[in-house]
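Taking it in order: structure first as structure tokens, then the write-up.
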2 protein chains.
Amino acid sequence: MLRRKNQLIDKQIGIKIRQIRKSWGISQIELAERIGISFQQVQKYEKGSTRISASRLMQISEALNVKITVFFEETEKIPIVSDLSPGYIPGEAPFENIQSPDKEEMTMLKLFRKIKNRKVREGIIKQLQGLIELENQK
Amino acid sequence: MLRRKNQLIDKQIGIKIRQIRKSWGISQIELAERIGISFQQVQKYEKGSTRISASRLMQISEALNVKITVFFEETEKIPIVSDLSPGYIPGEAPFENIQSPDKEEMTMLKLFRKIKNRKVREGIIKQLQGLIELENQK
DNA sequence: AAGTCTAACAACTGATAGTTGTGTTTTATT
DNA sequence: AATAAAACACAACTATCAGTTGTTAGACTT
């Protein structure tokens, strides 16, 4: 039948999804849970092996907290191959103020998330600020 | 089963399609031919009775000579208040319980990035690990 | 009033979105 | 360096639905 030349589009969108997901440091499972489907299905979206409905894409954009338009804009700029390299920094960050955390930053973020106590969290931030000041003024 | 709450989105997109199509003064048949499907299927898109894939929407946007984002623009701005989220705020994370990096985490991450010294970075991580262990074993 | 153009709707079917199950790789921990 | 576990890949199955065809009806020419 009509052989999809549009797989391409789904593929590009899929790559975008993966990029943004990773930039948030969440797993396929996590994303899947947020939108209420199996993580295997998320895989298919990312691989571009199934079509993504507009509504689904909307859900995903909400789950990843980005505007839905990012999945469509400048799709050709996306570097096709290199996604999982640890220090990967996309030509432009998927959204303005964020760049993909590298591996160390990832572990840091994950650890930080494990801390539930607000006071402790604030304390850590304070400490970080202190450290930076110290580093700067020498 | 999962009853689509997202019909809504397809519906809104459908309305947009119809609006734009009519604004060009072309028939369903014309549009259908341009993208190579039956006009009845175009009907369904416009009615929102079937889901529109992202790739299809791309085709439609090309056929109607508009940027694909227009189908979402208004849709996005129009708060989908009616569906579930009571305190929904467009710019913010829809899932408060689970974390996409919240504001605090973001500032933390940014601070962490400012620290160049590897040793210091590792030290901080070690410290966090310690804190967590401590928290867990009480 | 017959022909053409447009659109709505129903019924059918092949394709596929989404599932579950299992295996593999990567990351974290001791 | 061994082990556990999290994260991912892939295959096979199934229920759903995207897309088809067929019919009907208004609207507008001629």
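Labels below follow one simple rule: chain letters A, B, ... track the order of the sequence lines, proteins then strands, and each chain is numbered from 1. Given the structure is predicted, the values throughout are model-derived calculations rather than measurements. Reckoned from all heavy atoms, side chains included, excluding hydrogens, waters and symmetry mates.
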For the pair made of [atom1] in [X] and [atom2] in [N], what is the distance, rounded to whole Å?
X       : N      : atom1 : atom2 : answer
B/Leu57 : D/dG19 : CG    : C1'   : 17 Å
A/Gln41 : C/dG21 : CD    : P     : 16 Å
A/Glu46 : D/dC8  : CD    : P     : 8 Å
B/Arg51 : C/dA15 : CZ    : P     : 18 Å
A/Gln43 : C/dA17 : CD    : P     : 15 Å
A/Ile37 : D/dT16 : CD1   : C1'   : 15 Å
B/Ile35 : D/dA18 : CD1   : P     : 14 Å
B/Tyr45 : D/dC17 : OH    : P     : 14 Å

Exercise. Between A/Phe71 and A/Ile52, is any pair of side-chain heavy atoms under 4.5 Å apart?
Worked result: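 Contact flag for A/Phe71/A/Ile52 side chains = no.
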Which nucleotide sits closest to the side chain of [X]: [options]?
X       : options               : result
A/Lys44 : D/dA12, C/dA8, C/dA7  : D/dA12
A/Phe39 : D/dT21, D/dA9, C/dA17 : D/dA9
B/Ile29 : C/dT19, C/dA7, C/dT6  : C/dT6
A/Gln40 : D/dA9, C/dA8, D/dG22  : D/dA9

Exercise. What's the verdict on side chain to side chain donor-acceptor pair (under 3.5 Å) for B/Ser49 and B/Gln43, showing C-alpha distance, side-chain angles and the deciding distance?
Worked result: CA-CA 9 Å; B/Ser49 64; B/Gln43 273 180 26; over 6 Å; no
Quick check on [N]: is either OP1 or OP2 less than 4.0 Å from any side-chain nitrogen or oxygen of [X]?
X       : N      : answer
B/Arg56 : D/dG19 : yes
A/Gln28 : D/dA6  : no
A/Arg21 : D/dA7  : no

For this session: Dump the intermediate steps for side chain to side chain donor-acceptor pair (under 3.5 Å) on B/Arg56 and B/Tyr45, then the final yes or no.
Result: CA-CA 10 Å; B/Arg56 188 62 93 203; B/Tyr45 289 145; 3.1 Å; yes
Exercise. A/Ser38 near the nucleic acid: base, sugar-phosphate alone, or nothing, with a heavy-atom cut-off under 4.0 Å?
Worked result: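 The answer is base, as A/Ser38 lies within the cut-off (heavy atoms under 4.0 Å) of a base atom.
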Problem set entry | Sidechain-backbone polar pair: A/Arg21 side chain, A/Ile26 backbone, donor-acceptor under 3.5 Å |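 Side chain of A/Arg21 to backbone of A/Ile26, a donor-acceptor pair under 3.5 Å: yes, one is there.
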Problem set entry | Partner of B/Arg51 under side chain to side chain contact (heavy atoms under 4.5 Å, CB included), chosen from B/Ile9, B/Asp10, B/Ile13 |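 When side chain to side chain contact (heavy atoms under 4.5 Å, CB included) is applied between B/Arg51 and each of B/Ile9, B/Asp10, B/Ile13, only B/Asp10 qualifies.
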